[in-house]
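By convention in this document, chain letters (A, B, ...) are assigned in the order of the sequence lines, proteins followed by strands, and residues within each chain are numbered from 1.
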Number of protein chains: 2
Amino acid sequence: MRVAILGATGAVGRTMLQVLEERGFPADELVPLASERSRGHTIPWRGRDWTVDVPAPEAFRGVDIALFSAGGSRSREWAPVAAAQGAIVVDNSSAWRMDPEVPLVVPEVNGRRAAERPRGIIANPNCSTIQLVLALEALRRAAGLTRVLAATYQSVSGAGQKGIEALRAELRGESPTASPFPAPIAGNVIPWIGPRDAAGWNEEEDKLRNESRKILELPDLAVAATCVRVPVEVSHSIAATVELGRALTVPEARAALAAMEGLEVTPDERDPLPRALAGRDVVQVGHVRLDRDLPRVLHFWVVGDNLRKGAATNAVQIAELLASA
Amino acid sequence: MRVAILGATGAVGRTMLQVLEERGFPADELVPLASERSRGHTIPWRGRDWTVDVPAPEAFRGVDIALFSAGGSRSREWAPVAAAQGAIVVDNSSAWRMDPEVPLVVPEVNGRRAAERPRGIIANPNCSTIQLVLALEALRRAAGLTRVLAATYQSVSGAGQKGIEALRAELRGESPTASPFPAPIAGNVIPWIGPRDAAGWNEEEDKLRNESRKILELPDLAVAATCVRVPVEVSHSIAATVELGRALTVPEARAALAAMEGLEVTPDERDPLPRALAGRDVVQVGHVRLDRDLPRVLHFWVVGDNLRKGAATNAVQIAELLASA
């Protein structure tokens, strides 16, 4: 099996290579693709060096699965080309996520949707959305779901390698040369991820709403988010509040969350922390409590590595569904 | 007028001295009090050096106003002593806040309550609560208020000088000797402020609920918070969601917030940021938007310097009410 990675030198692309290797993904050949700048560099993978090329129609010839993580404009350009060459594209950008002919897949939640892909493209959801919907799906299965509110604490690696480098430079006392953030991020928190629309919502906040609704197949679910960048390198955290269809006790809610594949519930007094989750595939939930005033309202804290389950691992899990189909 | 400061060498105490000086508070004499460790040290204030003493009944003799910021147990011990000596105590700890005979005052919201103090004690609210209730009161005046949800992004100085030192030590690559946090805070966020009760709520989360209800005199208001420590030195940020009594448009909500004394609304595309608010007395609100799904629900972001308006400045404002009465 031949696997292509578009964006092989980025933060998510490199994690994809690592996850493919760790999970023993059944691929024999790698086609690493990136921008002109990286052309000719080699990438070690499974004991061999693979030469980075730039995307071109020929590059996708004979490719079975193409994992894309090179931004929306490259995805819009190259996903149809790769699909026309017979590859199935698993795209990590936001370009195709809301296309009705493109399934948006979190394997534990709606893995079966990966089989319906008229364009030959499957979209990997937004990083915060993936970890949140794991918890939402668990609670929906147990008690139904009528409303979701999320405040996020998103790490700088969500903005790619540049985000990590900007934070590190600032912490060294330097001015980062190309910060992806609208203000200094060291010693700061910034409620601005993605451009803002006329109604005042940032793009990331809308992604969380639209993608959660699509994945859960609850098109009218009330979802509102405040998305905030924090000076953490890896792992996103989310303070979530949900209104359930019927009341659950805390032990029932914890049991429902623990029953979900991919999700772990931490012991009562040990909340999940982003630094501890970095490098892990599991998403952890903790600090589960019932609202003191409102019936059927539950609060919890959910943390996951945005480069792994929030991006690379989820994409590789989708590729595994395809490889085993 | 003679003013005593208990906790004069702490992060809030030092800010109190600075704010008293900046605002030209009409005091002639300072009685700086702290723990045994600081006894005999001198503190420069208004061009003179004042010698730090330890609290004792005699220390409060002749004191008109005593500003306390030395933790709950010292407040419980010394506030009645100072009051018995004739001082009016403005206490920044949580010791007296929920006492029905102690007013809990944010001058812009309920300044008139400072006059009713049968114990001779007035409580200064929790730092996050102060900045949040300014916005809540503004919206309540315009449209009524039925529900509040808050996710906080609280700076390390909320845990005092020790909190600042722990973050700085960690950022230098050292292990802090006495971190007040349950986990490393550099490159992390920690949803744990104060001890946790059997229902899973942390103390800070309950303070926000109980104190907001008391200050707003809305004893049944639904309030729920997730309180989180972030690696920021000074200024707390809050992602807030409120359900109003009647619908407001965004311009109406912004106008209502801007009309509130002590509150500033930032232009649409310029959200308040904690680093920018550090050292300022004003509380800023931005990122105001209407829920896309639910009627009468409004989301916003509110930021304030927790050492100033969240503690020292609010206490000095209360002292000003007393001095002018």
| query | Relative to chain A, which segment of B:L273 carries a heavy atom at a distance below 4.5 Å: side chain, backbone, both, or neither? | reply | both
| task | Could you please spell out the steps behind the side chain to side chain contact (heavy atoms under 4.5 Å, CB included) verdict for A:D197 and B:R289? | result | CA-CA 10 Å; A:D197 72 14; B:R289 62 247 190 253; over 6 Å; no
| Do any of residues 216-225 of chain B have a heavy atom less than 4.5 Å from a heavy atom of chain A, and if so, which, in residue order? | B:L221, B:A222, B:V223, B:A224, B:A225
| message | Out of A:L149, A:V250, A:V288, A:L167, return the one with the most heavy atom pairs under 4.5 angstrom to chain B. | response | A:L149
| field | Pairs of heavy atoms under 4.5 Å with chain A: top-ranked of B:S237, B:S235, B:P231 | value | B:P231
| Rounded distance [0.5 Å steps], CZ in B:R292 versus CG in A:N210 | 7.5 Å
| request: State whether B:D291 and A:R147 are salt-bridged, where the test is any N-O pair (Lys NZ or Arg NE/NH1/NH2 against Asp/Glu carboxylate O) under 4.0 Å. | output: no
| task | Kindly say whether A:A186 contributes a backbone atom to a donor-acceptor pair with the side chain of B:R275 at under 3.5 angstrom? | result | yes
| Is it the side chain or the backbone of B:V297 that comes within 4.5 Å of chain A heavy atoms, both, or neither? | side chain
| message | Does any backbone or side-chain atom of B:T241 lie under 4.5 Å from a heavy atom of chain A? Answer side chain, backbone, both or neither. | response | side chain
| query | Side chains of B:W201 and A:H287: does their closest heavy-atom pair fall under 4.5 Å? | reply | no
| When you check the gap from the basic side-chain N to the acidic O, do A:D271 and B:R196 get nearer than 4.0 Å? | yes
| Taking the side chain as C-beta and beyond, is there a heavy-atom pair between A:H299 and B:E205 under 4.5 Å? | no
| task | Check each atom of B:T249 against the heavy atoms of chain A and say whether the ones under 4.5 Å are side chain, backbone, both or neither. | result | neither
| said: Taking side chain as everything from C-beta outward and backbone as N, CA, C, O, which of these in B:L294 sits under 4.5 Å from a heavy atom of chain A? Side chain, backbone, both or neither. | reply: side chain
| said: If the test is side chain to side chain contact (heavy atoms under 4.5 Å, CB included), which one of A:V232, A:V189, A:V228 qualifies with B:V230? | reply: A:V189
| Roughly how far apart are A:W301 CH2 and B:I190 CD1, rounded to 0.5 Å? | 10.0 Å
| request: Could you tell me which of A:A276, A:G286, A:P184 has the largest number of non-hydrogen atom pairs under 4.5 Å with chain B? | output: A:P184
| field | Choice from B:P182, B:S155, B:A278, B:G187 maximising heavy atom contacts with chain A below 4.5 Å | value | B:G187
